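Written below as structure tokens is the structure these notes are about.
Positions are given from 1, in the same order as the sequence printed here. Fair warning: this is a prediction, and the values are worked out from it, not measured in the lab.
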Amino acid sequence: MPRGRPRTFDLDRALDAALLLFWRHGYEGTSLAALTKAMDINVPSLYAAFGNKESLFRKALDRYIQKPASYLRKALEQPTARRVAEKAFRGAIDMVMHPGHPNGCLLVHGALATNPEANSIRKELNLRRAAAEAAVRRRFERALADGDLPNTVDAAELARYLMTVIWGMSVQAAGGARRAELQRVAQFALRSWPSQKQKRRPL
């Protein structure tokens, strides 16, 4: 049986190009024509390598979480809940202020779709955001068990608070907020952070 024609493009580079396009324009705002042009491939090659547009978007989401948004996973490795929050805020600000990144957060911006056909995409993004919040909640549950947080704290509520601030900052960044403004938001959030009298660290 004859072999198929070998790919003549770099899969990683093509996926990175698709990620940037989805990040900049959202799922609905990104056409197949724009994708093939940015990825420097034709439609049959796109389908053969990545499946349809929805499948490509899911792969781009994986890439986003593994690379630009990996700051959250790294923040969860910090030794205290407050350090988790500090590093998460710093990472979120660095990501949305990076000159090579489109404005905002793909998990938020990518969900701004109105077509009923995009329901599966909205559900996927909701699941991804819920998974991020659940990971933070589990980390704060561990902090509670370790005595790092007061026992009056609800880990789920604290995780929701942290992620709401982070996603809110991404919306502000998409609207033109400057780094200093986002840093003030983070500092304000940290002033009310529950702790066992931990020493505050500057952002």
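- Between S70 and K67, the shortest heavy-atom contact is OG-O, 2.8 Å.
- Checked against the 6.0 Å centroid threshold, W167 and F89 do not count as a close aromatic pair.
- Here the closest heavy-atom approach between residue A132 and residue L72 is recorded as CB-CD2, 3.8 Å.
- The aromatic rings of H101 and W23 lie tilted to each other, with the angle between the two planes from 30° to 60°.
- Salt bridge status for D94 with R179: present, with a side-chain N to carboxylate O gap under 4.0 Å.
- With rounding to the nearest 0.5 Å, the separation of CE in M169 from CD in Q183 is 9.5 Å.
- Between V96 and N103, every side-chain heavy-atom pair lies at or beyond the 4.5 Å cut-off.
- Closest non-hydrogen pair, I65 versus R73, comes out as O-NH1, 4.0 Å.
- In this structure, the separation between CG on L106 and CE on M95 is 8.5 Å, given to the nearest 0.5 Å.
- Using a 4.5 Å heavy-atom threshold, the side chains of L61 and L19 count as separate.
- Rounded to the nearest 0.5 Å, atoms CG (L144) and CG (L158) are 8.5 Å apart.
- In this structure, I121 and F57 have side chains that are in contact, with non-hydrogen atoms separated by less than 4.5 Å.
- Annotation: the span from L182 atom CG to I166 atom CD1 amounts to 11.5 Å, rounded to 0.5 Å.
- Shortest non-hydrogen contact noted between I93 and A186 is CD1-CB, 4.3 Å.
- Remark: K53 is positioned above the aromatic ring of Y27, its terminal NZ or CZ atom under 6.0 angstrom from the ring centre and at most 45 degrees off the axis.
- Rounding to the nearest 0.5 Å places OG1 of T80 at 10.5 Å from CG of D146.
- Among all heavy-atom pairs drawn from Y64 and C105, the shortest one is OH-SG, 3.3 Å.
- Minimum interatomic distance between S55 and F50 (heavy atoms only, all atoms of both residues): OG-O, 2.7 Å.
- Side-chain atoms of L46 and N52, non-hydrogen and from C-beta on, never get closer than 4.5 Å to each other.
- With respect to the salt-bridge test (charged N to carboxylate O, under 4.0 angstrom), the residues D148 and R142 do not qualify.
- In this structure, E77 does not pair ionically with K74, as no charged nitrogen and carboxylate oxygen lie closer than 4.0 Å.
- D154 has no carboxylate O lying under 4.0 Å from a charged side-chain N of R160, or vice versa, which leaves the two without a salt bridge.
- No single ILVMFWY cluster, assembled from side-chain heavy atoms under 4.5 Å apart, contains both L127 and L107.
- Residues F22 and L35 meet the side-chain proximity criterion, which asks for heavy atoms closer than 4.5 Å.
- Using a 4.0 Å cut-off between charged nitrogen and carboxylate oxygen, R129 and E133 do not count as a salt-bridge pair.
- Between E86 and the options R83, R82, R90, a side-chain hydrogen bond (donor to acceptor under 3.5 Å, both in side chains) holds for only R82.
- There is a side-chain donor-acceptor pair under 3.5 Å between S45 and N42.
- Within the 4.5 Å cutoff, the side chain of R58 has heavy atoms near those of the S120 side chain.
- The pair R137-E141 meets the salt-bridge criterion, with a side-chain N (NZ, NE, NH1 or NH2) lying under 4.0 Å from an Asp/Glu carboxylate O.
- Going from atom CG of L11 over to atom CD1 of I41 covers 8.5 Å, rounded to the nearest 0.5 Å.
- You'll find the side chain of R13 stays beyond 4.5 Å of the side chain of D40, heavy atoms only.
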